[in-house]
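First comes the structure, then the notes that go with it.
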2 protein chains.
Amino acid sequence: MYSDFNIAEFTQQLQNCCSRAQTKKFEKNEIITTYIKNRNQICILKNGSADLVRYDVNGNKTIVETLKENDVFGEIFFPVKTNNELFVVAKEEVEIVYFIYDEISYKCTRTCKFHETLNSSLLKLVLNKTISQNIRIELLTKRSIREKLQSYFSTLNVSGMNRTFKIPLSYTDLADYLSVDRSAMMRELKSLQEEGFIERNGSKITLRY
Amino acid sequence: MYSDFNIAEFTQQLQNCCSRAQTKKFEKNEIITTYIKNRNQICILKNGSADLVRYDVNGNKTIVETLKENDVFGEIFFPVKTNNELFVVAKEEVEIVYFIYDEISYKCTRTCKFHETLNSSLLKLVLNKTISQNIRIELLTKRSIREKLQSYFSTLNVSGMNRTFKIPLSYTDLADYLSVDRSAMMRELKSLQEEGFIERNGSKITLRY
DNA sequence: TAAAATCTGTTGCATTTGCAACAAAACTAA
DNA sequence: TTAGTTTTGTTGCAAATGCAACAGATTTTA
């Protein structure tokens with residue numbers, strides 16, 4: 001929605017400003033951050049991709065969010081009191097910019113031009129996040145695995161043009177993202193294929209409806 | 001998290017400012033807004049309660065959000081392109097303040113003190129919304145009805161002190177909120193009771209674990 | 001206050017989903 | 001290149017969930 005907002009530029013300004021924003025690199029499979037303390041931390045993924053993951057008491061893994069270039073994440077988006085172990089894992093080499101909201105927001109001397117537009121920029125960032133979350137919520141409220149898959153496919157097929165696409169997750173991860181059993185999901189994929197709704201070749205899917 | 005932020009005061013300022021924010025009242029069961037156009041509308045519930053509801057093609061009802069006093073909602077939080085019929089229904093007499101984000105944000109003459117802090121206030125509002133959504137997402141990723149119920153109960157029992165509380169929804173609505181079948185949910189409530197995890201008296205629940 | 005509408009509680013049965021397990025394929029690291 | 005690890009694909013079976021239906025309780029409306 002806020003495509004007019006240039007996040008790359010914003011990130012650049014953030015790094016130049018006050019030295020309060022830091023950049024850090026991570027290797028594949030490294031843990032970027034754990035959500036424990038209440039540090040009001042905000043992070044922006046400059047490049048690469050990552051998963052926000054939760055394990056519950058039974059050892060069930062859930063991929064809470066999939067993060068790609070220019071997505072924001074951080075403790076500030078979560079309630080202070082949480083029972084769960086939440087962390088962000090790099091899926092490839094990534095670079096992130098992170099800062100503490102309060103530091104950037106209040107403690108800076110409001111002299112640079114950047115600070116005047118800071119809140120407005122952050123607002124756009126967070127509004128975009130809200131929209132993503134609502135899409136996620138819509139998927140999760142779907143009652144059956146079939147509907148969840150269809151909902152997921154439709155997000156990959158945003159423009160409605162590319163009826164063939166590659167799933168950017170392993171099927172194991174996809175099940176953890178849809179919050180369903182993997183074998184049941186595979187079964188459903190098979191049914192969708194047999195009933196002619198999709199064609200499937202490895203991680204490549206073609207919609208046929 | 002941002003308890004320092006006084007939303008009542010903010011709403012007041014909003015109404016005084018530029019005449020661009022409007023107030024409106026609705027009776028119980030009236031539709032407050034439908035999410036169709038992309039008006040970048042933001043609403044604040046001044047008092048009362050409401051549900052953000054979706055019906056899918058099969059007629060399944062989902063309560064996407066439950067809204068109470070001082071909660072924000074509006075089209076701005078949803079993707080432009082949506083397949084679903086989304087609307088907000090008043091559960092009792094309500095009063096809302098609404099405005100179009102772009103109008104407030106850009107078109108005002110930036111002379112009043114209010115406008116200087118507008119973006120920062122909106123940011124806090126939206127950050128709080130993000131947190132609520134993450135709590136909602138956590139609930140929805142729970143794999144079983146039992147876990148969903150427990151997750152829901154724990155949000156009602158935030159302080160951890162009031163182990164007895166009244167469910168602010170009918171059981172019919174609760175099922176639509178958890179996105180599960182009502183009879184299956186009732187069965188699960190019965191099991192929880194029989195196994196001694198809860199006591200139940202109408203809409204009053206006492207946690208026993 | 002009576003009638004209508006909605007909600008609660010419950011059940012039997014069908015369907016879906018989860019679990020456990022395993023072999024084959026694909027990928028990764030030494 | 002090879003051994004180890006992870007992913008994919010599949011199945012049988014158990015458990016959970018959904019569906020349909022209905023009676024009684026409760027609430028709303030006329």
Side-chain angles (χ1 to χ4, degrees), chain A residues 27-30 51 53 56-63 89-93 139-150 166-195 198-205, chain B residues 27-30 51 53 56-63 89-93 139-152 166-195 198-205:
Chain A
E27 299 298 319
K28 182 175 177 173
N29 293 328
E30 264 194 285
D51 286 339
V53 172
D56 69 16
V57 282
N58 309 319
N60 275 321
K61 179 184 172 188
T62 304
I63 297 179
V89 191
K91 287 168 74 178
E92 55 194 305
E93 197 182 70
L139 185 152
L140 290 170
T141 55
K142 294 292 160 70
R143 309 294 177 103
S144 62
I145 293 180
R146 171 167 296 208
E147 283 178 296
K148 285 181 181 173
L149 281 168
Q150 286 169 334
K166 196 182 166 302
I167 297 181
L169 271 67
S170 71
Y171 283 108
T172 305
D173 281 353
L174 180 56
D176 292 336
Y177 183 70
L178 303 186
S179 212
V180 299
D181 180 71
R182 186 187 62 85
S183 69
M185 185 193 76
M186 296 302 278
R187 192 159 35 205
E188 200 56 46
L189 277 170
K190 207 178 164 191
S191 306
L192 279 167
Q193 199 165 6
E194 282 167 1
E195 294 170 40
I198 63 166
E199 265 168 51
R200 195 163 77 84
N201 190 340
S203 62
K204 211 176 254 177
I205 302 260
Chain B
E27 300 298 318
K28 182 176 177 174
N29 292 329
E30 266 195 284
D51 286 340
V53 172
D56 69 16
V57 281
N58 309 318
N60 275 322
K61 180 184 172 189
T62 304
I63 297 179
V89 191
K91 287 168 74 179
E92 55 193 305
E93 198 182 70
L139 185 152
L140 291 170
T141 55
K142 293 291 159 70
R143 309 293 177 105
S144 63
I145 294 181
R146 171 167 297 210
E147 282 177 297
K148 284 181 181 173
L149 281 168
Q150 287 170 335
S151 186
Y152 179 72
K166 196 182 165 306
I167 297 181
L169 273 66
S170 70
Y171 283 109
T172 304
D173 281 353
L174 180 56
D176 292 335
Y177 183 70
L178 304 186
S179 213
V180 298
D181 180 71
R182 186 186 62 85
S183 69
M185 185 193 76
M186 296 302 278
R187 192 159 36 205
E188 199 55 45
L189 278 169
K190 206 177 163 191
S191 306
L192 279 167
Q193 199 165 5
E194 282 168 1
E195 294 171 39
I198 62 168
E199 265 167 50
R200 195 163 77 85
N201 190 340
S203 62
K204 211 176 256 177
I205 301 259

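Predicted, not measured: the structure shown is a model, and the values here were computed from it. Sequence lines set the chain letters: A, B, ... in the order given, protein chains first and strands last, and positions in each chain run from 1.
Across the protein-nucleic acid pair, A:Leu174 atom CG and D:dT7 atom C1' stand 13 Å apart, rounded to whole Å. Atom pair A:Leu192:CG and C:dT16:P shows a separation of 12 Å (rounding to whole Å applied). Between the CG atom of B:Leu149 and the C1' atom of D:dA16 there is a distance of 13 Å, given to the nearest Å. Rounded to whole Å, atom C1' of D:dA16 lies 11 Å from atom CZ of B:Arg146. For the pair A:Gln193 CD and D:dT8 C1', the interatomic distance rounds to 13 Å; values are reported in whole Å. Rounded to whole angstrom, the span from the CZ atom of B:Arg143 across to the C1' atom of C:dC19 amounts to 12 Å. At whole-Å resolution of the value, CG in A:Asp181 and C1' in C:dA21 are 12 Å apart. In this structure, the NZ atom of B:Lys91 is 16 Å from the P atom of D:dT27, given to the nearest Å.
In terms of the side-chain hydrogen bond (donor to acceptor under 3.5 Å, both in side chains) criterion, A:Thr172 has no residue partners (sequence neighbours excluded). With sequence neighbours excluded, the residues that form a side-chain hydrogen bond (donor to acceptor under 3.5 Å, both in side chains) with B:Ser144 are B:Glu147. By the ring-ring contact (aromatic ring centres under 6.0 Å, His included) test, B:Tyr152 is found to be paired with B:Tyr177, residues two or more places apart in sequence or in another chain being considered. A:Glu199 is linked by a side-chain hydrogen bond (donor to acceptor under 3.5 Å, both in side chains) to A:Arg208, counting only residues two or more places apart in sequence or in another chain. Taking the salt bridge (Lys or Arg N to Asp or Glu O under 4.0 Å) definition, one finds that A:Lys148 meets it with nothing, sequence neighbours left out. Residues passing the salt bridge (Lys or Arg N to Asp or Glu O under 4.0 Å) test with A:Lys28: none are found, sequence neighbours excluded. Applying the salt bridge (Lys or Arg N to Asp or Glu O under 4.0 Å) criterion to B:Lys61, with sequence neighbours excluded, gives B:Asp173.
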- [ ] Tell me, with the steps shown, if A:Glu30 and A:Val89 meet side chain to side chain contact (heavy atoms under 4.5 Å, CB included).
- [x] CA-CA 6 Å; A:Glu30 264 194 285; A:Val89 191; over 6 Å; no

Between the protein and nucleotides 8-11 of chain C, which nitrogen or oxygen pairs come in under 3.5 angstrom?
from	atom 1	to	atom 2	distance (Å)
C:dT8	OP1	B:Tyr171	N	3.4
C:dT8	OP2	B:Tyr171	N	2.9
C:dT8	OP2	B:Thr172	N	3.0
C:dT8	OP2	B:Thr172	OG1	3.2
C:dG9	OP2	B:Arg200	NH1	3.1
C:dG9	OP2	B:Arg200	NH2	3.3
C:dG9	N7	B:Arg182	NH1	3.0
C:dG9	O6	B:Arg182	NH2	3.0
C:dT11	OP2	B:Lys190	NZ	3.2

Distances under 3.5 Å between nitrogen or oxygen atoms of protein and nucleotides 28-30 of chain C:
none

Under 3.5 Å, N/O pairs linking protein and nucleotides 25-27 of chain C:
none

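Bending across the helix from C:dT1-D:dA30 to C:dA30-D:dT1, expressed as the angle between its end axes from five pairs apiece, amounts to 70° (10° rounding).
Side-chain contact between A:Leu174 and A:Ile167 is present, with heavy atoms from C-beta onward closer than 4.5 Å. Residues B:Thr62 and A:Thr141 have side chains in contact (heavy-atom distance under 4.5 Å, counting atoms from C-beta outward). A heavy-atom distance below 4.5 Å is not found between the side chains of A:Leu140 and B:Ser179.
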With a cut-off of 3.5 Å and sequence neighbours excluded, list every side-chain donor-acceptor pair involving residues 185-193 of chain B.
from	atom 1	to	atom 2	distance (Å)
B:Glu188	OE2	B:Arg146	NE	2.8
B:Glu188	OE2	B:Arg146	NH2	3.2
B:Ser191	OG	B:Arg187	O	3.1

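Checking side-chain atoms of A:Asn201 against main-chain N and O of A:Lys204 turns up no donor-acceptor pair under 3.5 Å.
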